Amino acid sequence: MGTATFIQDETEFDSLLKSESLLVVDCTATWCGPCKLVAPLIDRLADDYRDRAKVFKLDLDSNKPVAKRFGIRSIPAVMVFKQGKLIETLVGVKPYEEFTAAVERQL
């Protein structure tokens, strides 16, 4: 089972936006309880869609500019980007099917 890797900084985030046609980013934080519930679902998403979408995690405590740039005010927030543009943001704990549906809509 694969796991979604963490984006280290805004520079890496920006290069992923440019290079990946379909990018899913889970905005999370170590202290966030609900984020811990979503984490295994995001890992599963990374595994299930590894050939069709790139799935990453982003620690907002160390990447505050990204949170500000996209108006993330509550976490967990899962952002779906297509061709570098933010298409959809899912906020809060959701069933796995909602995350897969968001990805499927962009494939």
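In this chain, residues are counted from 1 in sequence order. Please read all numbers here as calculations on a predicted model, not as lab measurements.
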| query | Residues in salt bridge (charged side-chain N to carboxylate O under 4.0 Å, His left out) with E10, at least two apart? | reply | R69
On a heavy-atom basis, which atom in [X] and which in [Y] lie closest, and how many Å separate them?
| X | Y | value |
| --- | --- | --- |
| M79 | T89 | CG-OG1, 3.9 Å |
| I87 | Q106 | CG2-NE2, 3.2 Å |
| R50 | D47 | NH1-O, 2.7 Å |

Is [Y] reachable from [X] through a run of hydrophobic residues whose side-chain heavy atoms are each under 4.5 Å from the next?
| X | Y | value |
| --- | --- | --- |
| V55 | L60 | no |
| I72 | V38 | no |
| V103 | F99 | yes |
| L45 | F6 | no |
| L58 | W31 | yes |

| request: Using side chain to side chain contact (heavy atoms under 4.5 Å, CB included) as the criterion, point out the one residue from V24, D43, T5 that pairs with K57. | output: D43
| query | Only one of L41, I42, D26, V91 forms a side chain to side chain contact (heavy atoms under 4.5 Å, CB included) with P76, so which one is it? | reply | D26
Ignoring hydrogens and angles, tell me if any N or O in the side chain of [X] forms a donor-acceptor pair with the backbone of [Y] under 3.5 Å.
| X | Y | result |
| --- | --- | --- |
| K54 | E20 | no |
| D59 | A29 | no |
| E88 | L86 | no |

| message | If I take atom OG1 from residue T28 and atom CG from residue N63, how far apart are they, to the nearest 0.5 angstrom? | response | 11.5 Å
| said: Is there a side-chain contact between L107 and L22 in this structure, where contact means two heavy atoms from C-beta onward sitting under 4.5 Å apart? | reply: yes
| message | Is there a side-chain contact between D48 and Y96 in this structure, where contact means two heavy atoms from C-beta onward sitting under 4.5 Å apart? | response | yes
| said: For K68, I'd like to know if atom NZ has over 12 heavy atoms of other residues, nucleotides or ligands within 6.0 Å. | reply: no
| field | NZ (K94) with more than 12 external heavy atoms under 6.0 Å | value | yes
| said: Measuring centre to centre across the rings, with the benzene-like ring taken for any Trp, is F81 within less than 6.0 Å of F56? | reply: no
